[in-house]
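These numbers come from the heavy atoms of this one structure, side chains and all, not from hydrogens, waters or symmetry mates. The sequence lines fix the lettering, A, B, ..., with proteins before strands; numbering per chain opens at 1. Bear in mind that the values here come from a model prediction, so they are computed numbers and not experimental data.
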2 protein chains.
Amino acid sequence: MKKAPTIRDVAATAGVSVSVVSRVLNPDSGPVAPAKRQEVLRVIDELGYRPRAAARELSAGHALTIGLVVTDLSNPFFARLADRIVWEARGHGVQVVLMTTQEDPHLEADSLDTLLDRSVSGVIATPTGRNIEKWARLQDLGVNVVFVDRTIEELADVDVVSIENFDSARRSTEYLIGLGHTRIALVTGPRSTSTGRSRISGYRAAHEDASLAVDPLLIRDVPFRGDSGGDAVGSLLAMSQPPTGLIVANTAQVQSSVRRLVQGGIKIPEELSLIVFDDNPWTELMSPPLSVIRQPLDMLAVHSLELVLGRMQGKLPDGPRLIEVKADFLPRNSCAPLTQTAIH
Amino acid sequence: MKKAPTIRDVAATAGVSVSVVSRVLNPDSGPVAPAKRQEVLRVIDELGYRPRAAARELSAGHALTIGLVVTDLSNPFFARLADRIVWEARGHGVQVVLMTTQEDPHLEADSLDTLLDRSVSGVIATPTGRNIEKWARLQDLGVNVVFVDRTIEELADVDVVSIENFDSARRSTEYLIGLGHTRIALVTGPRSTSTGRSRISGYRAAHEDASLAVDPLLIRDVPFRGDSGGDAVGSLLAMSQPPTGLIVANTAQVQSSVRRLVQGGIKIPEELSLIVFDDNPWTELMSPPLSVIRQPLDMLAVHSLELVLGRMQGKLPDGPRLIEVKADFLPRNSCAPLTQTAIH
DNA sequence: TACAAAAGTGGAACCGGTTCCACTCCGGAT
DNA sequence: ATCCGGAGTGGAACCGGTTCCACTTTTGTA
């Protein structure tokens, strides 16, 4: 176990001062005679020298690192989002420190502290909705924060990248209404989250447009964690007048909801028309293939990274940016027109 | 944008020297009078002081950080593995820097360099199989390396955590043979990887035990990336004497393989008995639910982290450790006994 | 009561980079 | 011939922690 060479080793070997080596390392930080530059580069290569990131960060006051704070990677949505973000970041020479919150504000707070310790220059996060002062403090300390997927209204100064939640919910609801359904259930995220609220609004808007009354019992805002989606589906099916259409708009609960339907032997789309908000290709392989609102993860990842990096380089105008990307509706075979026989 | 307090600010406010504050920060690094300790803690809390990680790392020579190097997070196997590892690591106060290789040795090499710059004290990786000298150098520089899922035979000194590949392949093959199948196809990873080779060996062993000849054309070792699984399935189905059983042992190719079967309208299990190596709960929701070799991700994650942390603390005896965890076979409804009618 | 060992403390060097600044050259303009 | 400005260079301070060591104050024991 030998130890790695330092900038002083390089300087000594090349017969120059550390200042010169540093200037070679960071072009534009000062002049270096072409001959010496050559020699220094040769020595660097010969010794296999690489600058220690910690030293650089200490001196610079901040790290070429961003934090990615998501709920958990078991959710394909976050997994694929993380995948894209890590990929995009590496192209810019930026590393990603990953933290998961399990939707727990305490864990989220811990994560933020840790990222602060690491002097990350940016954070991309799906916030739990709490820790408002903590997020504000982070920004106050010069960390560029971008919220992705969700937002926190109280934090006016944060950049946000999300899909068109209102519109997506509205379109899927309209689609089912167009097929003749009048009792459409909605399983979505908690009302305490921006996504939960927007999707409910979209759902309501579609009903209003069609002059259809909304039965509040058909709207289920359930937690992201656990089997709450499945439970909600169970209770919806047990209603005296069960829904004939169902939209599962809580990505994290798609799986448990669908499991409940499959295990209950519900015939899709004969007994129930189904649309899910999804990021999982498996929906296509089911029988029948499920109609989905496909979330454009690449766009979410690219935009959020662009924002963070742009802020880091100060290339962006002041003031928060809100980017909403369109989510495609992919009708497949899990929806059917409402017929008399569909009512069981 | 104010700036954060330093250890010297704390020392000045508390009326002590930085040494004392440092000793309070790191218990067991020296004595501190109880009264002063109290006061220092009070000031730390009052100022909201947090030690900068970069400064600590520079001084310590290594970071409380580990690198996690996997192919990509779109693969649920790696996503869930990463999830568990991040979770376990945080319990130990260790951060995880995530890098993806896309199975590209160049990207892998880059990642290792970057991790080296960051002075990570450990790396958990699914190696591409190349960069042998680079891995060796990493170890030489004192970085604790643990390979998970795969291994590189040339690197004798590395800890490895994997599932019982040989045994898993053997058992699933035996199961199909037990159902009367004689033409069983195997789609697995490249022969250049340890997993690919072990699974082929297990498959062969099951055939030998049953005194069954192995048709080499039924063994397809395909790359991890791309649609190679689907292509292999297509070509298998097009054989003059197509298989009646199929084992997809390449996790990354399960999805494309199954898609090919579904799109081809193959009846499962009537026309083809199917077993997949899987980490995706969706297999249970398909019709029919697929029989799977379930990979115990928690165990892989826990063990690999235990190894890395153990090495970091020097708590582990010298010499490489090989940990193989058992993977459960979950028979569901995608396999059926071979009957005359099954032969199309 | 004396004296060694242990507890408690602060000064200063160190980790490995970056950056400011003073200094030496040199060529070109006056 | 003189002066000026910029290219090129190295010394040294600095970033914010940790740690070694010398020193003073307790404490315990003979």
### Query
Does any donor-acceptor pair link the side chain of A:S59 with the base of C:dG16 at a separation under 3.5 Å?
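Answer is no: no donor-acceptor pair is held.
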### Message
With hydrogens left out and only the distance checked, is there a donor-acceptor pair under 3.5 Å joining B:R23's side chain and the base of C:dG8?
### Response
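Donor-acceptor pair under 3.5 Å: no.
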Pairing of [X] and [Y] as salt bridge, 4.0 angstrom limit:
X      : Y      : result
B:R90  : A:D110 : yes
A:D298 : A:R84  : yes
A:D104 : A:R225 : no

#### Entry: Sugar-phosphate, base or nothing in reach of A:P51, heavy atoms under 4.0 Å
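Here A:P51 touches the backbone only, sparing every base.
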### Query
Which is true for A:T6 with a 4.0 Å heavy-atom rule: it touches a base, it touches only sugar-phosphate, or it touches nothing?
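If one applies the 4.0 Å heavy-atom cut-off, A:T6 turns out to touch the sugar-phosphate alone, with no base involved.
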Residue-phosphate contact under 4.0 Å: [X] side-chain N/O, [N] OP1/OP2:
X     : N      : value
A:R56 : C:dT18 : yes
A:S17 : D:dG11 : no
B:K36 : C:dG8  : no

Could you work out which one of [options] sits closest to the side chain of [X]?
X     : options                : answer
A:L25 : C:dT18, D:dT18, C:dG16 : C:dT18
A:N26 : D:dT18, D:dG16, C:dT18 : C:dT18
B:V32 : C:dT9, C:dG17, C:dC15  : C:dT9
B:R52 : D:dG17, C:dT18, C:dC15 : D:dG17
B:A55 : D:dG17, D:dG8, C:dT9   : D:dG17
A:R8  : D:dG16, C:dT18, C:dG17 : C:dG17

### Message
Closest-nucleotide mapping onto DNA chain C: is B:V18 or A:A54 further toward the 5' terminus? I mean the 5' end.
### Response
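Counting from the 5' end, the first nearest nucleotide belongs to B:V18.
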### Message
Can you work out whether A:V21 or B:V20 has the more 5'-proximal nearest nucleotide on DNA chain C?
### Response
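So the residue in question is B:V20.
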Mind calculating the distance between [atom1] ([X]) and [atom2] ([N]) to the nearest angstrom?
X      : N      : atom1 : atom2 : answer
B:H62  : D:dG17 : NE2   : P     : 17 Å
A:R37  : D:dA7  : CZ    : P     : 13 Å
A:E39  : D:dG8  : CD    : C1'   : 16 Å
B:R118 : C:dG16 : CZ    : P     : 16 Å
B:K3   : D:dC15 : NZ    : C1'   : 11 Å
A:L58  : C:dC14 : CG    : P     : 17 Å
B:I7   : C:dA12 : CD1   : P     : 17 Å
A:D9   : C:dC15 : CG    : P     : 11 Å

### Message
Could you tell me if B:R150 sits above the aromatic ring of B:F224, with its cationic atom closer than 6.0 Å to the ring centre and no more than 45 degrees from the axis?
### Response
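Judged by the rule, B:R150 and B:F224 form a cation-pi pair.
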### Message
Looking only at the side chains, is there a donor atom on one of B:T71 and B:E103 sitting less than 3.5 Å from an acceptor on the other?
### Response
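On atom types as modelled, these side chains qualify, holding a pair under 3.5 Å.
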### Query
Going by atom types alone, do A:E108 and A:T128 pair a side-chain donor with an acceptor below 3.5 Å?
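On atom types as modelled, these side chains qualify, holding a pair under 3.5 Å.
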